[in-house]
Amino acid sequence: MPTPLVVSEVAKSFTMHLRDGIRLPVMSNVAFSVKAGECVVLGGPSGIGKSSLLKMVYGNYAVDSGQILIEHGGRLLDLAAADPRTILSVRRATLGYVSQFLRTVPRVAAVDVVAEPLAARGVEAAEAKATAEAMLARLNLPRDLWQLPPATFSGGEQQRVNIARGFITDHRILLLDEPTASLDAKNRAVVVEMIAEKKAAGVALLGIFHDEDVREKVADRIVDVSAFSPRKAVA
Amino acid sequence: MSTADLATYNFAYLDEQTKRMIRRAILKAIAIPGYQVPFASREMPMPYGWGTGGVQVTAAILGPKDVLKVIDQGADDTTNAVSIRAFFQKVADVAVTTKTREATIIQTRHRIPEEKLTAGQTLVYQVPIPEPLRFLEPRETETRKMHALEEYGLMHVKLYEDIARNGHIATTYAYPVKVEGRYVMDPSPTPKFDNPKMHMSEALQLFGAGREKRIYAVPPFTEVVSLDFEDHPFEIQTFDRPCALCGAENVYLDEVVLDDKGGRMFVCSDTDHCEERCAGGHRGSLAYDKEAAE
Amino acid sequence: MTDTPLLKVRDISKFYGARIGCQNVSFDLWPGEVLAIVGESGSGKTTLLNCLATRLMPSSGSVEYRMRDGGMRDLSRMSEAERRFLMRTDWGFVHQNPADGLRMAVSAGANVGERLMAVGERHYGNIRETAGNWLGRVEISVDRIDDQPRAFSGGMRQRLQIARNLVTSPRLVFMDEPTGGLDVSVQARLLDLLRGLVQDLGLSAIIVTHDLAVARLLSHRMMVMKDGIVIEQGLTDRVLDDPREAYTQLLVSSILQV
């Protein structure tokens, strides 16, 4: 089995310049990997830094040291040391991310928000839109919302737009930050099903799931983040 | 008091140093057709707007053997023409004429004679505002740069605005031209009717702007093209009737109001041309018939 | 994606006497990339922008641009004629105050059409049609084509300025606080429009702004300037979500949460 994501010796701290420059160590010696077709779930108590770790892997948070190796375009590259242009190209082609909250763009219709990652990869507009509509339908988003900008949607509706957008591409690695948090049982089941399909397609998934029921259904392995947390060492 | 006691003017009013300065500017202008050459314009014994630029150019090129004609809107007998003619008679004692054909130098305010000018003749234009880009770009530093770099898109913006507003290019006078494929030039406020006469003219054309202190020139046999759009080509005015006095067609006509009841007639703006035709026996609809009157 | 940058900036410095405008700025801008330069007033961001756009002569350093024929040219070694030609064809410059970038006394159509006429377009009907299309793209009703921008609202003027710049399909657009003088609601609409245009046209852009929301929405990458020096740069979401320098943290934490 190929391993498209390997994290090793990663350390991260925040320096709070506005609070007299206190240095908050967040993580050290992070090491794990995700194989193709595997769903690895980050575990540990809340506040331990699971979301931060996901953001580091996505390039959204910088790391102090260590490597985040990603298989991108047939080559292995270190995202921790990559320049912005490379990170963007990795995100476009290889590395997908479903965040907890949708950062809405004004005036863009939900269906276009979902279709955008496909359009960005050069898929023809009509085809991208059709695929987006199928995703939204599957996630039971009422059809009359599709043409509206998601800014005014409820939390659950926004979350489903977000999931559709994240799952629409064939990214080889997918990061999931509590994708089911504000969903009802029916839609949670859809997401679980969609994750299973991604696994079957050989996608490497790394996620955070607080819902135990969902976690048990999707997780192949749990990586305990508290093992990397300096706070645990102190305690 | 005898005439010997009076202060005498230098020939043609200007002192020789000034004439040399102006001639140098003229030579440079001829060498770079359409380019506005700055010159040290002098105070003349007439107000700005009365042709101080044209007068200085004429004074600088006038010789004792020249025959001078002065027209104002095509007419030899209007105030501006009469005064300037009298001025040069007084300060240069040159022969004057109203006949286009006989003149060696013709100073003009806003017309080109109907009769074709020939080699050896010089047409001197009085120019109020020499800069064709002025109305769209008020900065002189910028317009000079635009000329230098041949950035003339703005000139078409003006024509575009014309069409957008009026459905056709409504500029009827001071219609911009491109000279010898290089400089865009304002032909002074002559009607665009006269623009084609500038093209490949045998005569030398000199332009003097006194207040603005610029001289420019179109040497003989120079290409002068009126700017236009492919789908709105340059066109001259046409008149739906001939001259009421001499019956001439395809000439530029002036409207003359005859009474306060709306009576009017259209006659040649070029008085010499009209008189010549009348003398040759041509008659228009309102021609004053001497024989019939007698 | 091509493998050569569109703009190569090396050690650009600009001094006003002993005072620093900007100092030792280097970066590459790639095709299709949007770079935001943020910082507060006086941080040197506009000086830097003007140095890049050849509106100011840098005291030292070089700016190279990849021409349409693929060759890299040093902007300071270009003739003024070439530079001005570049500026009205392959580049755009959007001013904060639309009156600085528009001809207020000519119609909207002529404002958009001017660049076309400047590069030799001589068919009135075509110019007008293109101008009309562009007005539509920037959400100005085509029946305003013969109105002068002085009759337009601030937001419309800014959109008109953008259309005027984009009509020649430039590859690089400089923007100086494009949303600066506008109401918040008008800003949002303009930003959204810009975002769409940049994406559809594959434009490269350098946007100077003090508004981090503008940077977040429009840019891929950002540089934070303070006292004429670039103190932090990187991927836009990285800089905004994980600011490392004290000043950047201050900027980010100063945003009002609504």
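Labels below follow one simple rule: chain letters A, B, ... track the order of the sequence lines, proteins then strands, and each chain is numbered from 1. Every heavy atom of this structure was used, including side-chain atoms; hydrogens, water molecules and symmetry mates were not.
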Interchain contact, C/Ala105 with chain B, by part (heavy-atom threshold 4.5 Å): backbone

Below 6.0 angstrom between ring centroids: does that apply to B/Phe234 and B/Tyr175? yes

Between B/Tyr35 and B/Tyr216 (judged by ring centroids, cut-off 6.0 Å), do the two rings come close enough to count as a pair? no

Shorter than 4.5 Å, heavy atoms on both sides: which option in C/Asp146, C/Val106, C/Ile127 has the most such pairs with chain B? C/Val106

Which portion of B/Leu136 sits near chain C, non-hydrogen atoms under 4.5 angstrom: both

Could you look at B/His232 and say if it's the side chain, the backbone, both or neither that has a heavy atom under 4.5 Å from chain C? side chain

Checking side-chain polar atoms at under 3.5 Å, does C/Arg171 have a donor or acceptor matched by the opposite partner on C/Ser204? no

Heavy-atom distances under 4.5 Å only: say whether C/Leu116 touches chain B with side chain, backbone, both or neither. neither

Whatever's closer than 4.5 Å to a heavy atom in chain B on C/Gln148 counts as side chain

Using the ring centroid of each side chain, check whether B/Tyr152 and B/His147 are separated by less than 6.0 Å. yes

Measure C/Arg88 against the heavy atoms of chain B and call it side chain, backbone, both or neither at under 4.5 Å. side chain

Looking only at C/Gly113, C/Ser79, C/Ser107, the option with the highest number of non-hydrogen pairs under 4.5 Å against chain B is C/Ser107

Quick one: do C/Arg10 and C/Glu64 satisfy salt bridge (charged side-chain N to carboxylate O under 4.0 Å, His left out)? Show the steps, please. CA-CA 9 Å; C/Arg10 293 293 176 270; C/Glu64 284 181 65; over 6 Å; no

Where B/Val157 and C/Met117 come nearest, the two heavy atoms and their spacing: N-SD, 3.6 Å

